[in-house]
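Structure record follows, encoded as structure tokens.
Here is the naming used below: chain letters follow the sequence lines, and residue numbers restart at 1 for every chain.
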2 protein chains.
Amino acid sequence: MEKLDEIDLKILRILQKKSNRTTKEVAKLINLTASPVYERIKRLEECGYIKKYVAILDKKLINIPITAICMVSLRYHDEGFIDKFDKQIKALQEVQECYHMAGKVDFFLKINLESLDKYHEFVRLKLSKIENIGVLESYFVLKEITSTTEYYI
Amino acid sequence: MEKLDEIDLKILRILQKKSNRTTKEVAKLINLTASPVYERIKRLEECGYIKKYVAILDKKLINIPITAICMVSLRYHDEGFIDKFDKQIKALQEVQECYHMAGKVDFFLKINLESLDKYHEFVRLKLSKIENIGVLESYFVLKEITSTTEYYI
DNA sequence: GCTGAAAGTAGTTCGAC
DNA sequence: GTCGAACTACTTTCAGC
């Protein structure tokens, strides 16, 4: 797929805000008929511009009110250790995001949990069991100012 | 709505992984017919358990390869200043996430951009224009280990 | 690359259990 | 609370432009 034209961008902007729209609705929003919109969306999916469609749940209603951000530095930085850390983190389902960083810490983790007690447990039983962790600093979210999956396009 | 039973949880688990499934498909996955699944999903939406449905785009394909994490501390911490900061951050469309934190920094920001140059511009022209910022520390994502919108339920 | 219509399929409603 | 059928609406295809 070559480049996205303005119509493609409009479709992406619409779908990243609300994906459960009918093709008709999207078509109406951009003054087209259903068929070209249908084909463009399909192309955007096939070419990977749209990775997936997901339902966003309400953290608090499903009883996961605590969000912690955790900064981790490794003691040793060989390739093997980093790959190992990578694999072990991926196995922890409480970890919603994990990034390998450039800067004075190696990793950022975002962790969602039921309670502070569970966080204590999580650190004690899971995180600290991962070998080679040097520094571990925890921060807790007091309030979500913004949190979106949208990109500014 | 009272409590979620195991069937509701199963539906939520399915939809937060992939929301563009037909009611039939979901029904098949949990050994039910379409009607009860349809009604449960509708109830989950109405009661707010499902906040919304969104399309997740591929950052790199849409030309937003840079993710920065920015830690901000304010100089003064009166209610007025915090609210003001809140409002000004919400107006910045490059900011995908912003959390008010407990810990030695006040705010975490996740910012998605086209290039490091744009980040420089962003800090110089937008972020630093917000008054009352004391400390501002930037980190860049080298690699995404995991990044999901799912909760572990 | 779009339109509009036709065909196929899924979403949605509802009476029975 | 679920099933299954009937109805409605959307998705999907395609000939014509």
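Aromatic ring centres of F85(A) and F107(A) lie closer together than 6.0 Å.
Y152(A) OH: 12 or fewer foreign heavy atoms inside a 6.0 Å radius. More than 12 heavy atoms of other residues, nucleotides or ligands lie within 6.0 Å of NZ in K90(B), so this atom counts as buried by the packing criterion. Few gaps surround NZ on K59(A); more than 12 heavy atoms of other groups in view lie less than 6.0 Å from it.
When rounded to the nearest whole Å, the span between CG of D8(B) and C1' of dT2(D) equals 14 Å. One interatomic measurement links the two molecules: CG of L44(B) to P of dG1(D), which rounds to 12 Å at whole-angstrom precision. Computed from coordinates, the I11(A) CD1 to dG1(C) C1' distance equals 13 Å when rounded to whole Å. Rounded to an integer number of Å, the gap from R40(B) CZ to dT2(D) C1' is 9 Å. Atom NZ of K3(A) and atom C1' of dG1(C) are 19 Å apart (whole Å). Rounded to a whole Å, the CD atom of E39(A) is 9 Å from the P atom of dG1(C). Atom pair N20(A):CG and dT12(C):P shows a separation of 10 Å (rounding to whole Å applied).
Annotation: side chain of Y49(B) is not in contact with side chain of L57(A) (no heavy-atom distance under 4.5 Å). By the 4.5 Å heavy-atom criterion applied to side chains, I64(A) and I66(A) are not counted as neighbours.
Relative ring orientation between Y139(A) and F108(B) is described as perpendicular, the plane-to-plane angle rising above 60° on a 0-90° scale split at 30° and 60°.
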Kindly give the atom pairs (protein nitrogen or oxygen, nucleotide nitrogen or oxygen) under 3.5 Å for nucleotides 6-10 of chain D.
residue: dC10(D); atom: OP2; partner: K24(A); partner atom: NZ; Å: 3.3

Which pairs, protein N/O on one side and nucleotides 15-17 of chain D N/O on the other, fall under 3.5 Å?
none

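Of the charged side-chain nitrogens involved, at least one lies within less than 4.0 Å of a carboxylate oxygen, so that E97(B) and K110(A) count as a salt-bridged pair. Look at K84(A) and D78(A) and you find no salt bridge, because none of the NZ, NE, NH1 or NH2 atoms lies under 4.0 Å from a carboxylate O. No salt bridge links D8(B) with K3(B); every basic N to acidic carboxylate O contact stays at or beyond 4.0 Å.
Within residues 25-38 of chain A, the residues approaching DNA chain C are L32(A), T33(A), S35(A), P36(A), by heavy-atom distance under 4.0 Å.
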(request) Could you walk me through whether H77(B) and D106(B) pass the side-chain hydrogen bond (donor to acceptor under 3.5 Å, both in side chains) test, one step at a time? (result) CA-CA 9 Å; H77(B) 294 79; D106(B) 293 325; 2.6 Å; yes

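Backbone-only contact: I7(B) has heavy atoms under 4.0 Å from sugar-phosphate atoms and none from a base.
Side-chain N/O atoms of K42(B) include one lying less than 4.0 angstrom from OP1 or OP2 on dT13(C).
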